[in-house]
Amino acid sequence: MSRPVPAVFGSVFHAEMPVIEFTDNQWQPVKWQPSNDLTIPAGAHALHYGSECFEGLKAFRQADGKIVMFRPTANIARMQQSAEILHLPKPETETYLDALIELVKRAADEIPDAPAALYLRPTLIGTDPIIGKAGAPSQTALLYILASPVGDYFKMGSPVKILVETEHIRCAPHMGRVKCGGNYASAMPWVLKAKEEHGAAQVLFCPNGDVQETGASNFIVINGDELVTKPLTDEFLHGVTRDSVLTVAKDLGYTVTERNFTVDELQTMIKNGAEAILTGTAAVISPVTSFVINGKEINVQSQARGTAIRKAITDIQYGLAEDKHGWLVEVC
Ligand SMILES: *Cc1c(COP(=O)(O)O)cnc(C)c1O
């Protein structure tokens, strides 16, 4: 059976979603409700004071018909970390994972054939209907999960031009590892400016020359046989894909170096033939084709290594290579 891929990424949802409420100081049993609408108080804390965070992960249909999720517990752990920093109630691992599994089971028939996936979007919001709580956390919350059949976000050979931004930051430095909508709102002016003024797909945020990440993906340089990327700090989002790429690269014989590096170093490495990649769940790896640094465009000479590492990961996801690290959770 061939299943069509929706034209716009993330525009179509499975009919129902699991909703888990936090009230009376505890998480309530899962309820299933239509996913087109959500009723929350107009005064909800999330809408006024930004007590919101989300996750993004995928389920796949493998070659033999099996449906699997990729590293869901890593995403659950990251949302628990986001919740802690936002002072939202921390979702419970087991209920959360069960809801994900049940959702993927129910939506399994809607997953387009490879290289496509079911994109899962857990969202946690503070729902206290009290607009006077600007300086206090929400005591109630909702966790709900959208499931969206998606095609391959990765377009082989399409240009990925990155604007190197050394003046502005993506978000407040202490919020970097929180996966929250507020950080996207914060990055928006620079992302739009990069598009309008340079035709750049993304902005690489490098405050004072320190190479961090783009608005929605992590950044790794492939310098010969070495992968170079910033060590995990509070300032940026700790991507599951970043971790998977570093692990798979080690398996492939690369050296992995997590260290701070500057735009000057990046420029030298690229001029000397290094590759650069963006990593994130949607596209897995997007090899960079050029950088705009100080108004000058610099081409990246090759995308071969990044593309090969990408294939090593998607092969695990689609069941074409061994899942050595136990990343897949079988759903049905
Ligand atoms: C989600 C996200 C990433 C990528 O994380 P993955 O877990 O690899 O999908 C990177 N940067 C930001 C800002 C993000 O929001």
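The first residue in the sequence is number 1, and the count goes up from there. Just follow the structure's listing: the first ligand is 1, and inside any ligand the first atom is 1.
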Residue-ligand contact Gly176/ligand 1, heavy atom below 4.0 Å: no

For [X], the ligand 1 atoms whose distance to one of its heavy atoms is below 4.0 Å:
{"X": "Gly239", "result": "5 (O), 6 (P), 7 (O), 8 (O)"}
{"X": "Ser217", "result": "10 (C), 11 (N)"}
{"X": "Gly215", "result": "13 (C)"}

Proximity of Tyr184 and Phe54 rings by center, below 6.0 Å: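 So the answer is yes for these two rings.
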
Ring centroid separation Phe9 to Tyr119 under 6.0 Å: yes

For [atom], what is the nearest protein heavy atom, given as residue, atom name and distance?
{"atom": "atom 8 (O) of ligand 1", "answer": "Thr241 OG1, 2.6 Å"}
{"atom": "atom 13 (C) of ligand 1", "answer": "Arg170 NH1, 3.3 Å"}
{"atom": "atom 9 (O) of ligand 1", "answer": "Thr281 OG1, 2.6 Å"}
{"atom": "atom 3 (C) of ligand 1", "answer": "Ala216 O, 3.5 Å"}
{"atom": "atom 4 (C) of ligand 1", "answer": "Gly280 CA, 3.9 Å"}
{"atom": "atom 2 (C) of ligand 1", "answer": "Lys179 NZ, 2.6 Å"}
{"atom": "atom 11 (N) of ligand 1", "answer": "Glu213 OE1, 2.6 Å"}

Partner of Glu258 by salt bridge (Lys or Arg N to Asp or Glu O under 4.0 Å), out of Lys250, Lys230, Arg242: Arg242

Between Lys179 and Glu52, does any side-chain N to carboxylate O distance fall below 4.0 Å? no

What about [X]: any of its N or O atoms under 3.5 Å from an N or O on ligand 1?
{"X": "Arg78", "answer": "yes"}
{"X": "Gly56", "answer": "no"}
{"X": "Thr279", "answer": "no"}

Steps toward side-chain hydrogen bond (donor to acceptor under 3.5 Å, both in side chains) verdict (Asp251, His325): CA-CA 10 Å; Asp251 292 345; His325 302 283; 2.7 Å; yes

If you take all heavy atoms of Ile222 and Tyr254, which pair is closest and at what distance?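 Taking Ile222 first and Tyr254 second, the nearest heavy atoms are CG2-CE2, 3.9 Å.
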
Work out which heavy atom in Ser148 is nearest to a heavy atom in Gly10; give both atom names and the distance. OG-CA, 3.3 Å

Quick check for you: to the nearest 0.5 Å, what is the distance between [X] atom [atom1] and [Y] atom [atom2]?
{"X": "Ile316", "Y": "Lys311", "atom1": "CD1", "atom2": "NZ", "answer": "11.0 Å"}
{"X": "Phe219", "Y": "Gln212", "atom1": "CZ", "atom2": "CD", "answer": "12.0 Å"}
{"X": "Leu266", "Y": "Phe291", "atom1": "CG", "atom2": "CZ", "answer": "5.0 Å"}

Looking only at heavy atoms, is any part of Tyr184 under 4.0 Å from ligand 1, and if so is it the side chain, the backbone, or both, or is it neither?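 The answer is the side chain of Tyr184.
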
